[in-house]
Amino acid sequence: MQPSSILIRQAESPEDLAAVIKCFHTYTEWLDEDLSHQNYASELAGLPGKYAPSTGCLLLAVDSETGIPLGCVALRPLELPSGHPKAKAGHEYAEMKRLFVYPEARGRQVARKLLLELLQRAKDQGYKEVFLDTLARMEAAIKLYKSEGFTDVEPYNHSPYVGTVYLAKELDS
């Protein structure tokens, strides 16, 4: 039997925001890292916060037949440090955060579909480039990002994690 299709939407309703919070919690449990330096608790309490349109997005992937959440991802504005090699006057930058797909939904291209939708929304919002940081142990995620045109870049934040990998993708005009 063919799996049903995937619907990706901006999380706006109370039900969708609750599903994103659950997805974020599952992600952080799986990640098993302390996110307190990112003000994670206040981020969750204030969703959509920095991820709200028109300068961000908070996307939820659901099974189109059952409505069951499959994964999530977020986009927010990013101010590059002025000395960063990629910083250019007049360019707008965004940061992708918290891409996660539930284990039972893996193999359905959910992560790729979330990533591509996020990149399209970033482009539509006028961003010139999308940055992200991840951990070297997330090999499947890094492979996905690089397959979609992300390349290694200099650090743009002060991550406390050993093995942080920094990537970015320039968006076509």
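Worth saying up front: this structure is predicted, and the values here are computed from it rather than measured. Start at 1 with the first residue, then count along the sequence.
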Any donor-acceptor pair under 3.5 Å from T55 side chain to P77 backbone: no
Would you say R106's side chain and V101's backbone share a donor-acceptor pair under 3.5 angstrom? yes
Can you tell me how far the [atom1] atom of [X] sits from the [atom2] atom of [Y], to the nearest 0.5 Å?
X: E29; Y: F100; atom1: CD; atom2: CZ; value: 9.0 Å
X: M138; Y: D133; atom1: CE; atom2: CG; value: 9.5 Å
X: K97; Y: F24; atom1: NZ; atom2: CZ; value: 9.5 Å
X: N157; Y: H84; atom1: CG; atom2: NE2; value: 9.0 Å
X: C57; Y: R9; atom1: SG; atom2: CZ; value: 14.5 Å
X: S54; Y: D124; atom1: OG; atom2: CG; value: 12.0 Å

Is any side-chain heavy atom of [Y] closer than 4.5 Å to one of [X]?
X: L119; Y: K123; value: no
X: V165; Y: L135; value: no
X: F131; Y: L80; value: yes
X: Q10; Y: P53; value: yes
X: I68; Y: E104; value: no
X: E43; Y: Y51; value: yes
X: Y102; Y: K22; value: yes
X: P69; Y: L60; value: yes

Name all residues meeting the ring pair (Phe, Tyr, Trp, His ring centres under 6.0 Å) criterion together with Y127; count only those two or more places apart in sequence or in a different chain, and write none if there are none. none
Contact summary for [X] and [Y], nearest pair of heavy atoms:
X: A122; Y: L75; answer: CB-CD2, 3.7 Å
X: C72; Y: L114; answer: N-CD1, 3.6 Å
X: R112; Y: S147; answer: NH1-OG, 3.0 Å

Run the salt-bridge test on K113 and E117 with the 4.0 Å N-O cut-off and return the result as yes or no. no
In terms of side-chain geometry, is the basic nitrogen of E95 or R76 positioned less than 4.0 Å from the acidic oxygen of its partner? yes
Residues forming a side-chain contact (heavy atoms from CB on, under 4.5 Å) with E170, sequence neighbours excluded: K86, K88, E129
Taking [Y] as the starting point, is it possible to reach [X] by hopping between hydrophobic residues whose side chains are less than 4.5 Å apart?
X: Y166; Y: L144; answer: no
X: L132; Y: L78; answer: no
X: Y156; Y: L171; answer: no
X: I8; Y: V110; answer: yes
X: V130; Y: I142; answer: yes

Can you pull out every salt bridge (Lys or Arg N to Asp or Glu O under 4.0 Å) where at least one residue sits in residues 151-161? Sequence neighbours excluded, please. K146-D152
Using the side-chain contact (heavy atoms from CB on, under 4.5 Å) rule, take L115 and M96 through it: C-alpha gap first, then chi angles, then the decisive distance, then the call. CA-CA 9 Å; L115 175 60; M96 186 178 92; 3.5 Å; yes
What orientation do Y93 and H91 show, parallel under 30°, tilted 30 to 60°, or perpendicular over 60°? tilted
What residue among V73, L59, T134 forms side chain to side chain contact (heavy atoms under 4.5 Å, CB included) with L99? V73
For the pair L58 and E12, evaluate side-chain contact (heavy atoms from CB on, under 4.5 Å) and give the outcome as yes or no after the intermediate values. CA-CA 8 Å; L58 187 57; E12 295 176 315; over 6 Å; no
Answer yes or no: are there more than 12 heavy-atom neighbours, outside E79 itself, under 6.0 Å from its atom CD? no
